[in-house]
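Worksheet: the structure to be examined is printed underneath.
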Amino acid sequence: MPLTINFELSDQDLEHFRELMQKAITAAATEAPSAIIAGTEKLLARLRGVELPEFIRTRMTSLEMMKTMLEDKGFDLPDEERQRVVSALTYFLDPDDIIADDIPVLGFLDDAIMIELINEELQEELHAYRDFCQFRETECNRRGTEISLMTREEWMDSKRIELIDRIRERRAERGRRGRRSLFGGY
């Protein structure tokens with residue numbers, strides 16, 4: 001019989017998670033983005049072999065999407081947005097974060113909470129990437145081309161530029177509404 005547990009994070013709790021993210025970003029500032037991406041891949045590979053509670057597993061798919069977005073040559077995420085996503089991934093590379101990852105069932109609870117916060121923070125990038133993937137798939141189907149064989153053509157570049165502009169417009173709108181960013185000036 002499933003059990004539902006709901007909890008609410010206070011502003012103070014959220015500030016604590018923001019501070020943890022900032023520490024991870026600062027600690028990883030000397031790391032090459034490729035090392036952070038490789039570390040994320042190792043984490044994801046390890047998670048594929050671990051039985052996780054569903055509420056954690058569903059959130060971990062966001063990490064996969066972020067890593068894929070960074071590696072997707074067709075999307076070619078610009079440096080500013082790329083740095084935001086790389087910075088977000090740094091938190092997950094420390095297996096001894098708030099709750100050590102090797103603790104059964106609960107080890108990734110803090111990671112699931114952080115993913116929720118990052119999903120909110122990076123909603124423009126993630127939404128644009130989902131749209132891009134859907135557009136690319138639709139366009140490949142229309143052209144009868146496999147995604148893996150597709151080259152980066154002008155039609156992809158124009159769509160990417162449109163989506164990046166939308167990221168920035170939506171982020172600016174959130175800023176005008178007084179939303180504080182985890183990533184400072186990004």
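Because only heavy atoms are used, hydrogens play no part in the values below, and waters and symmetry mates are left out as well, while side chains stay in.
- Ion pairing between R136 and D72 holds under the 4.0 Å rule for side-chain N and carboxylate O.
- D13 contributes atom CG, which lies 11.0 Å from atom CZ of R18 (distance to the nearest 0.5 angstrom).
- Comment: R59 engages E116 in a salt bridge, judged by a side-chain N to carboxylate O separation of less than 4.0 angstrom.
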- Go through R174 and E169 one step at a time and tell me if the salt bridge (charged side-chain N to carboxylate O under 4.0 Å, His left out) criterion holds. CA-CA 9 Å; R174 283 179 47 197; E169 288 170 17; over 6 Å; no
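- Distance check, rounded to the nearest 0.5 Å: CE of M66 to CG of L77 gives 12.0 Å.
- With respect to the salt-bridge test (charged N to carboxylate O, under 4.0 angstrom), the residues E173 and R168 do not qualify.
- Remark: M65 CE to R130 CZ distance equals 4.5 Å, nearest 0.5 Å.
- Using bins of under 30°, 30° to 60° and over 60° for the plane-to-plane angle, the ring pair F75/F132 lands in the tilted bin.
- A distance of 7.5 Å separates CD in E125 from CD1 in I164, rounded to the nearest 0.5 Å.
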- Item | Step-by-step side-chain hydrogen bond (donor to acceptor under 3.5 Å, both in side chains) determination, Q134 to T138 | CA-CA 6 Å; Q134 182 178 15; T138 300; 5.3 Å; no
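- Judged purely by distance below 3.5 Å, without hydrogens or angles, the side chains of E54 and T58 never pair a donor atom with an acceptor atom.
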Just distance, no hydrogens or angles: give the donor-acceptor pairs under 3.5 Å from side chains in residues 37-44, sequence neighbours left out.
residue	atom	partner	partner atom	Å
T40	OG1	I36	O	2.9
E41	OE1	K67	NZ	3.1
E41	OE2	R48	NH1	3.3

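- Between atom CG of residue D76 and atom CD of residue E81 there is a gap of 11.0 Å, rounded to the nearest 0.5 Å.
- The side-chain hydrogen bond (donor to acceptor under 3.5 Å, both in side chains) check on E121 picks up S181, with sequence neighbours excluded.
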